[in-house]
A.B. asks: 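There's a structure below that I have some questions on.
Read the numbers this way: they start at 1 and go in the same order the structure lists the ligands and their atoms.
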Amino acid sequence: MKVIFLGVGEAFDSIPNTSILVESSANILLDCGYSIPPELWKYNSNPEYLDAIFLSHSHADHTFGLPAVLMRMCSEDRKKPLALICQPEMKKYIEDMIELGYRGSLKKIRGKFGIGYLEAAASRPLQFADLKLSFARPRHPVNVTAIRIDMGSKSLCYSSDGAITEETASLYRNADMLIHEAYLASGHVEGHSSISDVISMASSIGVRKLALVHINRELARKKEDLLRIARPEGIEVLMPNSMDYVEL
Ligand SMILES: [Zn+2]
Ligand SMILES: [Zn+2]
């Protein structure tokens, strides 16, 4: 499994939004914020490349790139259906967003390759190709879904936005890699997590590699200092840059 950090930025950042590409038996994009389409096209311009897009929640830095990504697939004659993995209540939001971006585009997309929705529910894991997908809910101002991808003995988790909950910590247990938002260095802000809380949670549940993303833009300038301090025992902590990748 190859994991590519297309972006690691927060909501109002000058670097690309947090979005992760997972290449395995299926290629899945985890979130598609407003600044992600050019990053995706630079990385791989093949309209058939993606098998699925997971949309964690209805914030612009996680979803507003979708209309452009779909319309480019359309204009380049994609044939293969695309799976959208999201909470069922996001379907209307997604279709309104696509139509607001390009009026009439839903009809075009359906005529070319079509979209199939897969329901991301905390209680119900999904099978997609030979990947097992499981979900949990972090705490955030809107409903968010965190995801775990298991393929054979390898596992990857992505928190999207939100504070740690018992449900998410249990989803991440013993993961080979956890990609977690860490908006703050320490302390508390409603609906987000901190570097110190995420490191201590991940160390206590057997996560092997932790990648911290969606770090507050002011704080992220001090990344090198933060990494020097954040060296817990038994867990590798990364603060990746755009286009860094990890092989699991
Ligand atoms: Zn966000
Ligand atoms: Zn958010």
A.B. asks: At the Zn ion (ligand 2), what's the angle from D161 OD2 to H140 NE2, rounded to 10 degrees?
C.D. replies: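 Between OD2 of D161 and NE2 of H140, the angle at the Zn ion (ligand 2) is about 100°.
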A.B. asks: Take the Zn ion (ligand 2) as the vertex and measure to ND1 of H59 and NE2 of H57; round to 10°.
C.D. replies: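 Result: 90°, to 10°.
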A.B. asks: Using 2.8 Å as the threshold, say whether any N, O or S atom from H62 sits that close to the Zn ion (ligand 2).
C.D. replies: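 For H62, the answer is no, given that no N, O or S atom comes within less than 2.8 Å of the Zn ion (ligand 2).
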A.B. asks: Does NZ in K132 sit with more than 12 non-hydrogen atoms of other residues, nucleotides or ligands closer than 6.0 Å?
C.D. replies: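 No, NZ of K132 has 12 or fewer neighbouring heavy atoms, counting only those of other groups under 6.0 Å.
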A.B. asks: Scan H140, H214, H192 and name whichever one has a ring-ring contact (aromatic ring centres under 6.0 Å, His included) with H59.
C.D. replies: H140
A.B. asks: Tell me, which N, O or S atom in H214 is closest to the Zn ion (ligand 1)?
C.D. replies: NE2
A.B. asks: Crowded around Y245 OH? As in, over 12 foreign heavy atoms under 6.0 Å?
C.D. replies: no
A.B. asks: Are V22 and M1 side-chain neighbours, meaning at least one heavy-atom pair lies under 4.5 Å?
C.D. replies: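 A side-chain contact exists here, since the closest heavy-atom pair is under 4.5 Å.
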A.B. asks: Which N, O or S atom name in D61 marks its closest approach to the Zn ion (ligand 1)?
C.D. replies: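 Looking at D61, the N, O or S atom with the least distance to the Zn ion (ligand 1) is OD2.
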A.B. asks: Name the orientation class of the two ring planes belonging to F64 and Y93 (parallel below 30°, tilted from 30 to 60°, perpendicular beyond 60°).
C.D. replies: parallel
